[in-house]
Amino acid sequence: MTNKEAFIEAKRFIAGGVNSPVRAFGSVGGEPIIIDHGKGAYIYDIEGKKYLDFIQSWGPLIFGHCDADIEKAVIEAVKKGLSFGAPTLVETTLAKILCEKFENLDKIRFVSSGTEATMSAIRVARGYSKKDGLIKFEGCYHGHSDALLIKAGSGATTYGNASSGGVPQDVVRNTYLAVYNDAASVEAIFESNPGKIGAVIIEPIAGNMGLVPADKEFLQSLRALCDKFGAVLILDEVMSGFRASEFGSLPYHGVLADLVTFGKVIGGGMNAAAFGGKREIMDCLSPDGAVYQAGTLSGNPIAMSAGIAALSKINASKDLYAKLENLARRLMQGFKAAANEAGVALQTNVRGSMFGYFFTPHAVKNYDDALKSDTKLFAKFHAAMLKRGVYLAPSQFETGFVCEPMSEADIDFAVNAAREAFKEIKRNG
Ligand code: PLP
């Protein structure tokens, strides 16, 4: 069966042929490849073609595909039973690893996806602050729960408008949109809605409008504004946690959040995510407190075991992030040089093992800047790279990831492919 045939078949039985929209390659055109298996830094499609994988399941696989230690931990856990819906030791072990690592994490709770982590963090933040208003930032993605699926209205400080069908206007009534890296836009919302804003959620390193890090001073202002107006600050580290560094985004800004969300890497490739933070906030959760939150598969032992294996490996490897950052920088410098040789302007960003590139001559500090990128050129580049065996995120507004099994030779292979890709694009117009 070819990739094309398999995707046609998938579309007969699965909505859009995929279980998460970006996988359909809609924004770059063409069809997705259908994955057969992965090994280390590489994936193989059902036609037997090999690709250097810069998606790594959208972040979780910091040790690449089929890491022997994670695989072993999962197999051992499977032998003991897939799920109990009751307390196990592995939950506490993983919780302890996280709480001991981060000074602002007194307690956490596990869930199965990043969407649940942010949704639940917001609920407990509102339950604690007793205020319904929530500030989120244009271009930040926190999963697909209703209250967070909004885009900018006519101004940053207006009420949110639902940007997905099926989201009632009433549900986003309490969501206020601010501009990333613009503290004045946040202050204006606080000032014009006295006593209403109970929580602020932000990706401290935005990875869902492409890679756009928040400025340190901006995050410090956010902390000060939350303190001044009595709002809970939630840093969404579902993507940046254990990706930007072993302490997530923290070393880049030093701002301690009231609540933090995790996902992706903490499950080692399995379905685990978490939210956690200050004791007095987390104690508002049921059964101790009045804020309800639950999950049949939350703290699943297989996922916990995979997470323990991944985080233990991270804790044991001293120069992991230096190695990964070196690879990501080498890749971005290579892409930039290849683009410039072809007369194409490219903006690049690196944070630890995360990288991003924008086809625009202008600096990208927020969502509006990101939207000015040349998405047609991006699509051509993406297709030309895929043809050459390099699997990049199929959207200008996603982040790329390097993984531990990657070598400098792998990166040079991708850079060489980029050079050829830009030449091909120039030739074909
Ligand atoms: N928060 C951030 C920052 C994310 O990047 C994502 C997903 O990419 C989510 C939340 C949602 O996580 P999930 O897809 O596991 O629901």
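Residue numbers start at 1 and run along the sequence shown. First listed ligand is number 1; within each ligand, the first listed atom is number 1.
A distance limit of 4.0 angstrom between heavy atoms and ligand 1 selects the residues S113, G114, T115, Y141, H142, G143, E203, N208, D236, V238, M239, K264.
Here K80 does not pair with E76 in a salt bridge; the nearest charged N to carboxylate O distance is not below 4.0 Å. Note on D69 versus K313: salt bridge recorded, some NZ/NE/NH1/NH2 to OD/OE distance being below 4.0 Å. Taking a cutoff of 4.0 Å between a charged side-chain nitrogen and a carboxylate oxygen, K365 and D182 do not qualify as a salt bridge.
Applying the salt bridge (Lys or Arg N to Asp or Glu O under 4.0 Å) test to every pair with at least one member in residues 246-262, sequence neighbours left out, gives these pairs: K101-E246, R223-D258, D258-K278.
Aromatic ring centres of Y252 and F247 lie farther apart than the 6.0 Å criterion allows. A centroid separation of 6.0 Å or more is found between the aromatic rings of F54 and Y391.
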